[in-house]
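What follows is one structure encoded as structure tokens, with my remarks underneath.
Because the structure is predicted, anything quoted here is derived from the model rather than measured. We count residues from 1, following the sequence as given.
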Amino acid sequence: MRSKTRLVQLQKATTRRVARVEEPNLRLLSAVASTYELANSALTSGEPITALIERQSTGDLVDYESVYAGASPWKLLVPLDHPEPARCLVSGTGLTHLGSAASRHAMHDKSDATLTDSMRMFRAGLEGGRPPKGSCGTAPEWFYKGAGDVLRACGEPLVVPGFAEDGGEEGEVAGLYVIDQQGRPHRVGMAAGNEFSDHRFEKKNYLNLAGSKLRNCSIGPELVIDPDFDVVSGRVTIRRDGRLIWDREITTGEREMCHSLANIEHHHFKFDGHRRAGDIHVHFYGAHSLSFSDQIELHDGDVMTIQFAGFGRALRNSLETADPVREPVAVHALA
């Protein structure tokens, strides 16, 4: 596997920096305080972002392990964010992975008349999700997760809202994008992600999908510039009080998906509102397997760990449950 450039964002008090991963250290970059600034510098100058990273690498090193363990004044941030969180759109694509077909056996033993809508969409992806170059294929399932303030960094808890029925991990890869001043999308790179959803609520009725996705989620800790995304092996674990309660080898990448990356990106960015100059996008590409499918119910303090080969250190987040919502949100009229 080719060696790839990997970046993290760090903060110490009010100081923010971007650093290149050079295990066991992080090499700080000069001239920019964020990956967003770095990406825009590449767009403005026309210089490849990898060349900018090389030129702006300093001699200042930070011990990565102490940062990753939470024992350093430097704290990990998400690897790409926007100074105005409302200008970051977090979304995802579902029913994309061939591996998910194993848990959707109805596709093979029921007629078209009795297939669920989800299975019809999955089959449509199998039939038309990988169009010839230059052609538009079948649109995948698409969902919205929120603006940039739903993103959490490695080490931060993912919170189950007080009104939710549960919270469960979804280990997948996310694409990180910036829109240039001419309204053209550019992929800065990819990162490991935990898309985190309310699966119990969704299971009651597939029309609950939209609401089940409006949750916080995590990406990182590293952004990988131009990663290998043909076949990517990974592993997801759930630990409770230090004890392993669920462990699954997973696979993602284009050869494991019924939709090509180009088709996913076309159907996301075909909307004018998704190509606003200066915005950023975090788009999850879909999950292979979920602990929820094995009847695992996550509890407070459970630690979800997601790691993909070639994507650097594992993404790790604990689960936290908010206090129950006991009263409805009141809306006050201005009349």
Side-chain angles (χ1 to χ4, degrees), residues 7-19 29 32-44 49 74-93 142-164 167 170 172-181 183-198 210-224 265 268-269 271-285 315-320 322 329:
L7 300 177
V8 298
Q9 290 196 116
L10 302 168
Q11 183 164 348
K12 181 171 68 173
T14 59
T15 300
R16 284 179 55 130
R17 298 291 295 270
V18 180
L29 304 187
V32 293
S34 70
T35 311
Y36 181 67
E37 286 183 33
L38 181 69
N40 279 296
S41 293
L43 290 174
T44 300
I49 194 169
W74 290 102
K75 303 300 179 187
L76 286 166
L77 305 174
V78 295
L80 176 67
D81 58 357
H82 197 288
E84 302 173 55
R87 299 195 61 189
C88 170
L89 188 151
V90 185
S91 57
T93 296
W142 185 95
F143 55 84
Y144 173 68
K145 286 199 66 69
D149 52 3
V150 304
L151 292 173
R152 298 292 180 268
C154 180
E156 293 185 313
L158 294 178
V159 179
V160 180
F163 57 80
E170 293 203 21
E172 49 198 275
V173 169
L176 281 56
Y177 302 86
V178 63
I179 311 300
D180 70 17
Q181 292 306 304
R184 296 172 302 203
H186 298 261
R187 190 187 326 113
V188 184
M190 298 180 186
N194 186 342
E195 195 256 294
F196 198 65
S197 300
D198 188 337
S212 75
K213 295 296 187 180
L214 294 171
R215 303 291 186 269
N216 49 197
C217 54
S218 59
I219 56 172
E222 303 176 20
L223 182 158
V224 189
E265 291 176 335
H268 178 70
F269 290 110
F271 301 105
D272 292 346
H274 291 182
R275 300 193 309 275
R276 298 192 311 174
D279 283 3
I280 67 170
H281 291 246
V282 174
H283 190 74
F284 289 91
Y285 297 144
L315 173 62
R316 191 171 57 207
N317 302 92
S318 61
L319 182 140
E320 183 178 303
V329 175

Just grab all the side chain to side chain donor-acceptor pair (under 3.5 Å) pairs involving residues 144-160, residues at least two apart or on different chains. Lys145-Glu195

Residue set satisfying side-chain hydrogen bond (donor to acceptor under 3.5 Å, both in side chains) with Tyr177, at least two apart, ordered chain then number -> Glu265, Tyr285

Got His186 and Asp180 here, is their nearest side-chain heavy-atom distance under 4.5 Å? yes

A side-chain contact here means heavy atoms from C-beta on lying under 4.5 Å apart; do Leu151 and Cys217 qualify? yes

Between Gln11 (side chain) and Ala13 (backbone), is there a donor-acceptor pair under 3.5 Å? yes

Sequence neighbours excluded, which residues qualify as side-chain hydrogen bond (donor to acceptor under 3.5 Å, both in side chains) partners of Thr93? His283

Are His274 and Leu89 packed together at the side-chain level, in the sense that at least one heavy-atom pair is separated by less than 4.5 angstrom? yes

Shortest non-hydrogen separation from Arg275 to Pro185 and the atoms involved: CD-CD, 4.2 Å

Using the salt bridge (charged side-chain N to carboxylate O under 4.0 Å, His left out) rule, collect all pairs that involve residues 75-93, keeping only residues at least two apart or in two chains. Arg16-Asp81, Arg87-Asp279

Correct closest heavy-atom pair for Trp74 and Thr15 would be CZ3-O, 3.9 Å

Where do Gly162 and Ala322 come nearest, in terms of heavy atoms and distance? N-CB, 3.8 Å

Closest non-hydrogen atom pair, Ala191 against Pro79: CB-CG, 4.3 Å

About how many Å separate CG of Leu80 and CG of Leu7, when rounded to the nearest 0.5 Å? 10.0 Å

Scanning both residues in full, the closest heavy-atom pair of Val32 with Ser41 reads CG1-OG, 4.2 Å

For His82, give me all partners under side-chain hydrogen bond (donor to acceptor under 3.5 Å, both in side chains), at least two apart in sequence or on another chain. Tyr36

Can you list everything that forms a side-chain contact (heavy atoms from CB on, under 4.5 Å) with Thr44? Sequence neighbours excluded, please. none

Residues in ring pair (Phe, Tyr, Trp, His ring centres under 6.0 Å) with Phe143, at least two apart? none

Can you tell me how far apart CG (Leu76) and CD (Gln9) are? Round to the nearest 0.5 Å. 10.0 Å

Just jot down the side-chain contact (heavy atoms from CB on, under 4.5 Å) partners of Val160, sequence neighbours excluded, or say none. Ala164, Phe196, Leu319, Thr321

To the nearest 0.5 Å, what is the distance between OG1 (Thr35) and CG (Asn40)? 11.0 Å

Is there a side-chain contact between Leu176 and Ile219, using heavy atoms and a 4.5 Å cut-off? yes

Set of residues satisfying side-chain hydrogen bond (donor to acceptor under 3.5 Å, both in side chains) with respect to Arg316, sequence neighbours excluded: none

Do the side-chain N and O atoms of Asn194 and Ser218 include a donor-acceptor pair separated by under 3.5 angstrom? no

Let me confirm one number: the OG-CG distance from Ser34 to Leu10, rounded to the nearest 0.5 Å. 12.5 Å

Identify, with sequence neighbours excluded, every residue that meets salt bridge (charged side-chain N to carboxylate O under 4.0 Å, His left out) alongside Arg215. Asp198

Gap between atom CG of Leu77 and atom SG of Cys154 - 0.5 Å precision: 11.5 Å

Any side-chain to backbone donor/acceptor pair from Asn216 onto Val159? Under 3.5 Å, distance only. yes

Heavy-atom nearest pair, Ala153 first then Asn317, reads O-ND2, 3.0 Å

Judged by modelled atom types alone, do His268 and His281 share a side-chain donor-acceptor pair under 3.5 Å? yes

Any side-chain heavy atom of Val90 sitting closer than 4.5 Å to one from Phe284? yes

